[in-house]
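Here is how names work: the chains are called A, B, and so on, in the same order as the sequence lines, proteins then strands, and each is numbered from 1.
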Number of protein chains: 2
Amino acid sequence: MTASPLEPIDRAILRELTVDGRCSFTDLAERVGLSVSAVHQRVRRLEARGVLKGYAAVLDGEQIGLPLTAFISLTPIDPAAPDDYPQRLEHLTQIEACYSVAGDASYVVKVRVAGPTALEELLRQIRELAHVSTRTTVVLSTPYEDRPPGL
Amino acid sequence: MTASPLEPIDRAILRELTVDGRCSFTDLAERVGLSVSAVHQRVRRLEARGVLKGYAAVLDGEQIGLPLTAFISLTPIDPAAPDDYPQRLEHLTQIEACYSVAGDASYVVKVRVAGPTALEELLRQIRELAHVSTRTTVVLSTPYEDRPPGL
DNA sequence: CTTGAAAGGGATACTCT
DNA sequence: AGAGTATCCCTTTCAAG
């Protein structure tokens, strides 16, 4: 299901937009060496194809009052239970991402909370909502994150 | 070091920009119920304070030819070695994020590669560059990711 | 913080190559 | 496809309330 490989110019466009998502079409055109219209066309096509899924502001977790990040591995208590954990947990806004994984656990979720107390409460909610046991890895610091994929 | 708590309007602005990072100031002003100038001022202030660290395009990993995502836990082989793993691995573009963690491992990195062969080669590089043993958790699917923090 | 205005630049559509 | 052009809208700054 991996779609047609990307052209070099499209890759250049995506690289620029990953670094600066608010870059103007004029600047973008200059950086990739195309006219404004051509870049405009290509960006719209990339958006339509779903390669470019959107644009997001990058926030500083510490400065928005959510300084504690953690990864929580979820292991089902009842192996026969239906596999609907993502939906069961979706409404918990502290959960930033949910991954289905191969390994000891079934899922790994990335969470962001205000502190240890909030983490404890969140763990209680997750266990109750999803009937899972949890293993939590607390993040001490983040040397880097959200780097542009190797385009 | 958690800075002054955010005002409701600032939180609203950040919420909108997390969902649509290319939203125009005109639209933003409408959505948060402020004048364009006022929104402009607030966004610049949030950027200056470092709350708003930037804007990034959100790409579809599968469609850019990097369908395999994994988390790799790094455990030092020599406990006395200097703690400079992030720098040693920084140039590996397959590494999207690096977290210093509390737990069995010292670091967890999130990687994105073209397939199993590329993952094997990357693991070899990581072990050699950082003198660590690795434990890899392959991501099978991603129900959701990059959700707006609970603002 | 709001309004209003004004200059400059960007976005978008259209046409031509 | 890419380039050029014209129009309209947005961004950005300013002054004043």
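Taking the centre and axis of the six-membered ring of B/F25, the NZ or CZ atom of B/R44 falls outside the cone set by 45° and 6.0 Å.
The distance between atom NE2 of B/H40 and atom P of C/dG4, rounded to the nearest whole Å, is 19 Å. Rounded to whole angstrom, the span from the CG atom of B/L28 across to the P atom of C/dC1 amounts to 14 Å. Per the geometry, CZ belonging to A/R31 stands 12 Å off P belonging to C/dG10, to the nearest Å. In this entry the distance linking CD1 of B/I9 with C1' of C/dC1 reads 9 Å, nearest Å.
Using a 4.0 Å heavy-atom criterion, one finds that A/S37 contacts the bases of the nucleic acid, with or without backbone contacts as well.
Here the side chain of A/R135 pairs no donor or acceptor atom with the backbone of A/S73 at under 3.5 angstrom. Between the side chain of A/D60 and the backbone N or O of A/Q63 there is at least one donor-acceptor pair closer than 3.5 Å. Judged purely by atom type and a 3.5 angstrom limit, A/R147 uses its side chain to pair as donor or acceptor with the backbone of B/E90. The backbone N or O of B/C98 sits nowhere less than 3.5 Å from a side-chain atom of B/Y85 that would complete a donor-acceptor pair.
Note: the hydrophobic cluster containing B/V139 also contains B/V108 (ILVMFWY, side chain heavy atoms under 4.5 Å, direct or indirect links).
Taking every nucleotide of DNA chain D with any atom under 4.0 Å from a non-hydrogen atom of chain A, the first and last of them, 5' to 3', are D/dA1 to D/dG4.
Between B/R45 and C/dC1, a side-chain N or O to OP1/OP2 separation shorter than 4.0 Å is present.
The 5' end of DNA chain D is approached more closely, in terms of each residue's nearest nucleotide, by A/S35 than by the other of A/R22 and A/S35.
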